[in-house]
Amino acid sequence: MDKPKKVLVSRQFPDIGIQLLEEAGFELTIWPKDRPMYPSELIALSRDHQALLCTLSDMISKEFLEKCCHLEIISQFAVGYDNIDVAEATRLRIPIGFTPDVMSEATADIAFGLMIATARKMFFLHKTILKGEWGYFKPRGNLGMELMGKTLGIFGLGRIGMKMAQRCKNAYGMKIIYHSRRPNPGTEKELDASWVSFEELLARSDVLSVHSVLSHETRGRFNWETFRQMKPTAIFINTARGAIHNETDLIEALSSKQIWGAGLDVTDPEPMARENPLLSMETVCVLPHVGSGTVEARNAMSSVAAENIIEFYRTGTLPYLVNPPALEK
Ligand code: GLV
């Protein structure tokens, strides 16, 4: 680089990526506050930078991109990028980096953990202790359900869905069915899984776990109509994006016992309101979007997000690129 490129870093990401960028000679501006920038702050600060290192709480909208079309690269610290108007970035020929793979184990652990916690009502039972309601052993009380030999339905069999399926197969001998846009023969073989239609996924899953991206096709895909087609004993797990399910319909489906339980690491909106009825339901477990929240995953995400910027300026391409057409000559 003749003149050091300036990178705006929108949050306080783990040091490892920051050090990589500094060692590679970039000049960094790191947003010092705990909260994300408001759109106007992001636009104002981006003006003076060539690269942006951001994450899912930054709105990289059409308006932002129009005002910041000078940006040479946007590197997202996340596997999901529904906060970014990818079509507009591609039109402006701004490449977008992301951080897949490295957080798949961590996120699958959360999906797997929520499945067990929901099946055994763990969060609810923990709250009874806090309220002084432990009481006596109840031979017929506090009953959950077992997972051994049940059917796991995966919606979106990508990297994370695959890790969830492996866990469920190895731990509980679960039968794996999945619905994705395209069948995935390699994975099917490894997991002894079968592709099924969306309707069949709904009808057959004992546990239905969502691992797809949020797009116009998947937004609100799990709603009253779809919950109605699930088993009354089914558990719904979402660790992908809250807007893939309709939360009002989910509350209704649980209250009217259309489905049995739900484990959510993502909600719509985030953060969820303290008064949300889901938080007091016996068969619901909610976490505050912590899927990738391990030291290992966050450090690796920080490195990958930095490497995407470093490699772009070194070689003209990114190891993990969302929009290849942005770099076509
Ligand atoms: C987290 O939700 C991510 O997309 O990385």
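One-based numbering, in listed order, for ligands and for the atoms of each. We count residues from 1, following the sequence as given. From a predicted model like this one, the values you see are computed outputs, not experimental measurements.
With hydrogens and angles left out, the side-chain atoms of Asn83 and Gln76 include a donor and acceptor closer than 3.5 Å. Using a 3.5 Å distance cut-off with no hydrogens or angles, the side chains of Arg221 and Thr226 do not pair a donor with an acceptor.
Ring geometry for Phe222 against Phe155 counts as perpendicular: the plane angle is over 60°, on a 0 to 90° scale with 30° as the lower cut.
Ion pairing between Arg35 and Glu41 holds under the 4.0 Å rule for side-chain N and carboxylate O.
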N or O contacts of ligand 1 with protein under 3.5 Å, please list pair by pair.
from, atom 1, to, atom 2, distance (Å)
ligand 1, 2 (O), Arg241, NH1, 2.8
ligand 1, 2 (O), His289, NE2, 2.7
ligand 1, 4 (O), Val79, N, 3.4
ligand 1, 4 (O), Gly80, N, 2.8
ligand 1, 4 (O), Arg241, NH2, 2.8
ligand 1, 5 (O), Val79, N, 2.8

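Between the side chain of Lys62 and the main chain of Asp85, no donor-acceptor pair closer than 3.5 Å is present.
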message: Please determine whether side-chain contact (heavy atoms from CB on, under 4.5 Å) holds for the pair Asp206 and Lys231, giving the CA-CA distance in whole Å, both sets of side-chain angles, and the decisive distance to 0.1 Å.
response: CA-CA 7 Å; Asp206 293 309; Lys231 295 184 183 179; 2.8 Å; yes
